[in-house]
Amino acid sequence: MRPSIRPALLAITFLCGFAKTGLSQAESWWSHIEYLADDRMRGRETGSPQHRLAAEYVARMFRKAGLRPGGEQGFFQPVSFTGRRIVEDRSSVSLLRNGVEEKLVLGEDLTINVRVDNAPLTEARLVFAGYGLSIPSQNHDDLAGLDLAGKIVVVMPGGPRGIRGPILSDAQSRRWAALKARGAVGILGVSSPAGDVPWSRSSLARLNPQMTLTDSSLDDNAGQKLNGAINPASAEKFFAGSGHAAAGLIQAALKGDSLPRFDLPVSIRATIAVDTWQVESQNVIGILRGAKGNGKADLSNQYVVLSAHLDHLGVGAPIRGDSIFNGAMDNASGIATLIELARTATGKRNARSIIFIAVTGEEKGLLGSRYFAHHPTVPAQSLVANVNTDMFLPIIPLRALLVNGLEESDLADDARRAGASVGVEVITDPEPERNGFIRSDQYSFIKRGIPALSLKSGFVRDSPEHETIKRWRAERYHAPSDDLGQPVNFQAAADFNRVYLRIVEEIANRPTRPRWNSDSYFAPRR
């Protein structure tokens, strides 16, 4: 459904607020979302013709705003992917216990992650490794003393209490490297019953196409023979006979308790059939050149990268009769903000140059941003900061700005100055357990040593605004209902865009290069 903008604006916006920011600004922002999240865009699947149309739209808007092309092909940076989709009628998974085979039901008991190049046939023992995390700097190692050679490792979601969320997030991202170094051949993760998407919905996505970068040097999952997610409601099947109840372990994990580690008295046998194909998609890159020094230090050859992801989930299994995953908030809203910022920023003279990048393949594992971070179209050493926007959710009044990465670099000072200048409080993530720090494109830059922030609408934990955010996630996150018919607080969107611009101006004009805090876990190791 594509509603008229003006009735939507009048219904859910404080008109007095537009006296401050202008109705036209909110209309312009929403017009980009209307284009990108329309049903005819078919959910902007990475590499699809509709994604190409979306990329061309963004390129037109960048050109219209006065940005210079920043890709190898005009505004485009082509990115090559290998697409994969499981063929379930030729795939099977069983548990083997005491000579008895128990067949599992794909989609009900577990799902197979085909972002990983799973082996066609795997049979291996299972071992439970708690959270499966090795964090030497925090004196935590779930893998100590375990024999993982040739085994599939079963892990719980989350991590132990007392370790900061960003550190846990990074350790989870690097979990396979630690397991592989100890001889493991795969991972089965118990899905969190407290996650953003319930199993009943997430399992529907198992038949959707997944992708990896064709450049195998950028594949962090190489070497896994089997990777999958276990339905928490079926987890007892994997723990039977171990002397431990899965339900108790899951509840302990949700609280961050210390978890036991032990061999499971069961093996798994998996036959995985996958269709593969080659895909090309596009990052869209525009550059706003910085002003020359004029007697001051010339910073125009340093670049601040502003990112948002253009892709979404395409078309999938119907939910309440709708199969198009429009991705209005996730993340047409962020792309609309990027476009509006380009339009506004080109009228200003900043010291540093600014790269505006609409990345592809975020929903496939942050792949477009990963590719750019490893293959930037400007000298790599000239990238000094990243500010990312993904699903910032203008569905509550913008009284606070949530900034992931606030504790890690001196970009926090820029964010706080910008917030103070427009009367918006800047806060850290009130839900560190959700691992927001690694779940969007800023993480690709962080892993390359570039200080970064990610911005969202802020809230106090357990407040009415928090409940509104949680309800949106439960009902609309990665669902077809993230569409043009949902309520949106246009004043909040305008306020977000305004504080975002101020943050960019602070970073682009500060006299010193952004740097990690000396005590940051993410500061480059010397």
Side-chain angles (χ1 to χ4, degrees), residues 12-14 16-17 20-21 26 157-169 192-198 254-256 329-331 333-334 337 387-409 411-440 442-443 452-478 482 486-503 506 517:
I12 59 179
T13 307
F14 299 104
C16 60
K20 292 190 301 178
T21 58
R161 284 194 308 272
I163 300 178
R164 289 197 299 117
I167 297 175
L168 281 179
S169 299
S192 173
D196 289 343
V197 181
L254 293 176
K255 295 185 289 184
M329 294 296 101
D330 184 17
N331 184 36
S333 65
T337 287
V387 182
N388 186 64
T389 306
D390 180 6
M391 201 176 80
F392 69 90
L393 292 185
I395 58 176
I396 57 175
L398 191 78
R399 300 188 181 97
L401 184 73
L402 190 162
V403 179
N404 281 117
L406 194 64
E407 298 82 8
E408 308 303 333
S409 75
L411 293 175
D413 299 332
D414 303 302
R416 290 189 176 106
R417 280 194 301 271
S421 72
V422 295
V424 174
E425 182 184 7
V426 170
I427 65 171
T428 192
D429 189 351
E431 300 175 295
E433 71 279 2
R434 293 188 62 250
N435 303 319
F437 196 60
I438 69 163
R439 289 177 57 182
S440 196
Q442 74 278 356
Y443 189 53
L453 302 174
S454 181
L455 312 180
K456 293 180 181 288
S457 300
F459 52 87
V460 174
R461 191 174 184 123
D462 298 326
S463 66
E465 290 81 9
H466 188 195
E467 294 303 315
T468 298
I469 295 288
K470 290 195 294 184
R471 186 164 56 252
W472 187 93
R473 292 177 193 147
E475 296 174 356
R476 299 185 187 274
Y477 177 62
H478 282 193
D482 179 14
Q486 65 187 298
V488 176
N489 185 323
F490 287 78
Q491 183 61 55
D495 291 342
F496 179 91
N497 292 349
R498 186 160 55 108
V499 69
Y500 184 14
L501 175 62
R502 289 292 301 122
I503 289 173
E506 289 284 347
N517 296 335

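- The distance from atom CG of L411 to atom CG of N517, rounded to the nearest 0.5 Å, is 9.0 Å.
- Looking at heavy atoms from C-beta onward, F392 lies out of side-chain contact with L455 at the 4.5 angstrom threshold.
- Atom CG of residue D429 and atom CZ of residue F459 lie 6.5 Å apart, to the nearest 0.5 angstrom.
- Side chains of Y500 and V387 form a contact here, defined as non-hydrogen atoms less than 4.5 Å apart.
- Remark: R473 engages E431 in a salt bridge, criterion side-chain N to carboxylate O under 4.0 Å.
- Counting heavy atoms from C-beta on, the side chains of P430 and H466 never come closer than 4.5 Å.
- Side-chain contact check for L401 versus I503: some heavy-atom pair is nearer than 4.5 Å.
- By the 4.5 Å heavy-atom criterion applied to side chains, S192 and L254 are counted as neighbours.
- Interatomic distance, CZ of R476 versus CE of M391, reported as 13.0 Å (0.5 Å rounding).
- Each of L393, N489, I396 was compared with T468 under the side-chain contact (heavy atoms from CB on, under 4.5 Å) criterion, and only I396 meets it.
- At a threshold of 4.5 Å between non-hydrogen side-chain atoms, the residues M329 and P394 count as touching.
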When you look at R439 and D196, which way does the side-chain contact (heavy atoms from CB on, under 4.5 Å) test go after all the steps? CA-CA 12 Å; R439 289 177 57 182; D196 289 343; 2.9 Å; yes
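- Partner of S463 under the side-chain contact (heavy atoms from CB on, under 4.5 Å) criterion, chosen from E465, R461, E467: E465.
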Could you go through R416 and L406, starting from their C-alpha distance and side-chain angles, then the distance that decides it, and tell me whether this counts as side-chain contact (heavy atoms from CB on, under 4.5 Å)? CA-CA 9 Å; R416 290 189 176 106; L406 194 64; 3.5 Å; yes
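- Side chains of D390 and Q442 form no contact here, defined as non-hydrogen atoms less than 4.5 Å apart.
- The structure places CG of D495 at 11.0 Å from CZ of R399, a figure rounded to the nearest 0.5 Å.
- Of all heavy-atom pairs spanning D482 and D330, the tightest one is OD2-N, 3.2 Å.
- Here OG of S440 is found 9.0 Å from CG of N404. Values are rounded to the nearest 0.5 Å.
- A distance of 10.0 Å separates CZ in R502 from CG in D414, rounded to the nearest 0.5 Å.
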